[in-house]
Amino acid sequence: MAVVGRRDKAQQSLRSRIAIAIVIGVVTGCLIAFYFPHGLILSYPAVRSRPIGVSNIQVDSSSCESSEHIKMLKSEFVSLSDNNSKLKKQIRDLKHKLQLVEQGKDHAENQILVLGEQHKAGPFGTVKALRTSPTVVPDKSVNPRLAQILEEVAVEKELIVALANSNVKDTLEVWFSSIKRVGISNYLVIALDDYIVEFCKSNDVPVYKRDPDKGIDAVGKTGGNHAVSGLKFRILREFLQLGYSVLLSDVDIVYLQNPFNHLYRDSDVESMTDGHNNMTAYGYNDVFDEPEMGWARYAHTMRIWVFNSGFFYIRPTIASIELLDRVADRLARQENSWDQAVFNEELFFPSHPGYDGLHAAKRTMDFYMFMNSKVLFKTVRKDDKLKKLKPVIVHVNYHPNKLERMKAVVEFYVDGKRDALDAFPDGSE
Ligand SMILES: *[C@@H]1O[C@H](CO)[C@@H](O)[C@H](O)[C@H]1NC(C)=O
Ligand SMILES: *[C@@H]1O[C@H](CO)[C@@H](O)[C@H](O)[C@H]1NC(C)=O
């Protein structure tokens, strides 16, 4: 019995050991399920890379539905929905990137449509971006009468165009006399009243008056100053649509050479400048000083004196027409805006949030050849070397006594009267 009793004891202890082992096994299982819900073999990155979603919650050990396990599931759920919202954000970002790429593709495709074939970039130092836009297809239906006139007047699809009303009759006379003197035939006066039509006809000057029923003429007659300066840009549009390059000219300008022999024709807009030396005319880095910024006290700024909107050459391109439309639109909407300021802002301000800048190529004309009256009266007439140069034009834009100064310019450069400019002050009095 003792043996039996010992054997019984032994059997009992074996059973209890088995029971303990089972308990240990179950507890270990629960612990493993708790700490490694995704199994022991998966490495951490593999856990990360599995698809995430609520449906992926697995009940790893159905035998351990303790409140702890439920808590654990809850926290996993929270973490998953957290990850879900992170994922949603990532998807949003990706969609946005995709959109940008597609826009870029669209843009690139449009470019190809406009420019034709794609090119490989050449070797260092040989690449040049396209700056000469293609011209528009001429559309005669826009204004058949003007198309007819331009066919007769233009040379090589180019001409000088000036707007005039009877207020500027005297300067207009000096203007067209100087043009005739240098033998230019491709020019046209847009008469804003009947007096100028007759005045031009009697002087054998090519003249054009718009049909009175056109809506934009009403703007010219009844509108304020800003509306009239907007008119210039609207009228120009038709010339470009008809396929002509226009050298737009104010009438306070004296022609001393044929400007068509001095153009580059590589840009949408090629303009004379209000600048008076290399820096102001062609652009410079203007350093703005803020001493309180210490190390970063110098802020660099880009500056250029404005293009003169009274003398510019504009090619018949989409960019040019867009420029005219933008300027005319702003002048029509904004009371008291100055056409020259608007013209320059549209040409030079870059795209930025909420604004798409114009993509037009521009060139500044040589400020000694296409001379403004500040350059003439402040610099050139006092410099023996510069005095000997003959400009292409002189624009009396900086002075109010235009007629007197224009006549003096003619005397100085045409008649050779060396002291013709001497009596005038540098600026206005
Ligand atoms: C949620 O994402 C983080 C990393 O972004 C990861 O460490 C965690 O395991 C994820 N949670 C779940 C429940 O998948
Ligand atoms: C202005 O620039 C021209 C060439 O672009 C140069 O020949 C001339 O010397 C410059 N003038 C001054 C005053 O720097």
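Read the numbers this way: they start at 1 and go in the same order the structure lists the ligands and their atoms.
A centroid separation of less than 6.0 Å is found between the aromatic rings of F348 and F307. Checked against the 6.0 Å centroid threshold, F370 and Y313 do not count as a close aromatic pair.
Distance remark: protein heavy atom present below 4.0 angstrom from atom 11 (N) of ligand 2. By the definition of a contact as any protein heavy atom under 4.0 Å away, atom 1 (C) of ligand 2 is in contact. Atom 8 (C) of ligand 2 is flagged as protein-proximal [any protein heavy atom, distance under 4.0 Å].
Taking the centre and axis of the six-membered ring of F377, the NZ or CZ atom of R405 falls inside the cone set by 45° and 6.0 Å.
Remark: of the listed residues S249, S177, P391, S249 is the sole one forming a side-chain contact (heavy atoms from CB on, under 4.5 Å) with Y255.
Looking only at heavy atoms of the protein, atom 4 (C) of ligand 2 is closest to N278 ND2, 4.6 Å.
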